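One is the number of the first residue; the rest follow in order along the sequence. Keep in mind that this is a model prediction, so the values were computed, not measured.
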Amino acid sequence: MASLSKTVVFDMDGVLLDSERLILNIWTLLGEKYQISGIGDVMIDSLGSNREDTRLKFVRAYGEDFPYDEFRDEAREMFFERTKKDGVPLKPGARELLQFLKINGWNIGLASSTSGETVKDELQTVGLYDFFEVVVTGEMVKESKPHPEIYFKACELLGVNPKEAIAIEDSKNGVRSAAMAGMKVILVPDLVDPDEDTQRLAWKMFPDLFDVRKFFS
């Protein structure tokens, strides 16, 4: 890693927080409740996307009259009810990796398609928010992942050339976003086994964040 700066930018959902599993479960339950098939597949395709791109994917799948905003509001209410007591669970090794990077002088950023308010609330609840020098969220950019804008923005704010920085991602859309920005992408798969194209775009792939920490060591 001699040619790289000591800069790493994380995705949040599915990388640091074990939230995508709960989100997928909730949307699948809503599909069963309203007798709409295939909602889980659309959600998997939407991983890493912002609210508007996710809405467009649902419109393409179910038509212009699909009440996405109503579904999303109900899903958010269910999500908050389930996490109100204990918060969103951390991915194994997340805190240890961030602590290691911080102690060893790495610049740490976050690039999440989730809204800024949600990102701050969730990361503060689990005590991770202060690890990040820069936090870029969905409403801060015009384009959603897999477009590279969010990673360009994070690297700009961190003052680093994207080609000299590392991204840590879990989803196809996220890996494409960071790779198109020119970053070295570490892939830590979450819900979906990566296809061949995603694996080719990744610089390194590890099964969990404990192995990522060993790599940085």
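- In the model, Thr198 has a side-chain atom that pairs as donor or acceptor with a side-chain atom of Asp195 under 3.5 Å.
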>> Applying side chain to side chain donor-acceptor pair (under 3.5 Å) to Ser5 and Asn107, what does each step give before you reach the verdict?
In response: CA-CA 9 Å; Ser5 67; Asn107 301 313; over 6 Å; no
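- For the pair Val126 and Val88, the tightest heavy-atom approach, listed with the atom from each and the gap, is CG1-O, 3.5 Å.
- At a threshold of 4.0 Å, the pair Glu74-Lys33 counts as salt-bridged, since one of the basic side-chain nitrogens sits closer than that to a carboxylate oxygen.
- Taking the six-membered ring for Trp, Trp27 and Phe79 have ring centres at least 6.0 Å apart.
- Considering only residues two or more places apart in sequence or on other chains, Phe71 meets the ring-ring contact (aromatic ring centres under 6.0 Å, His included) condition with Tyr34, Phe66.
- Annotation: salt bridge (Lys or Arg N to Asp or Glu O under 4.0 Å) contacts involving residues 44-53, sequence neighbours excluded, comprise Asp45-Lys57, Asp45-Lys172, Arg51-Asp69, Glu52-Arg55.
- In this structure, Tyr151 and Ala111 approach most closely via the heavy-atom pair CE2-CB, 3.7 Å.
- One side chain, Thr118 or Ser115, offers a donor N or O that lies under 3.5 Å from an acceptor on the other.
- In this structure, Phe80 has no ring-ring contact (aromatic ring centres under 6.0 Å, His included) partners at least two apart in sequence or on a different chain.
- If you look at Phe215 and Phe206, their ring centroids are closer than 6.0 Å.
- Donor-acceptor pairing under 3.5 Å is lacking for the side chains of Ser171 and Asp190.
- For Ile168 against Phe216, the heavy-atom pair with the smallest separation is CD1-CE1, 4.3 Å.
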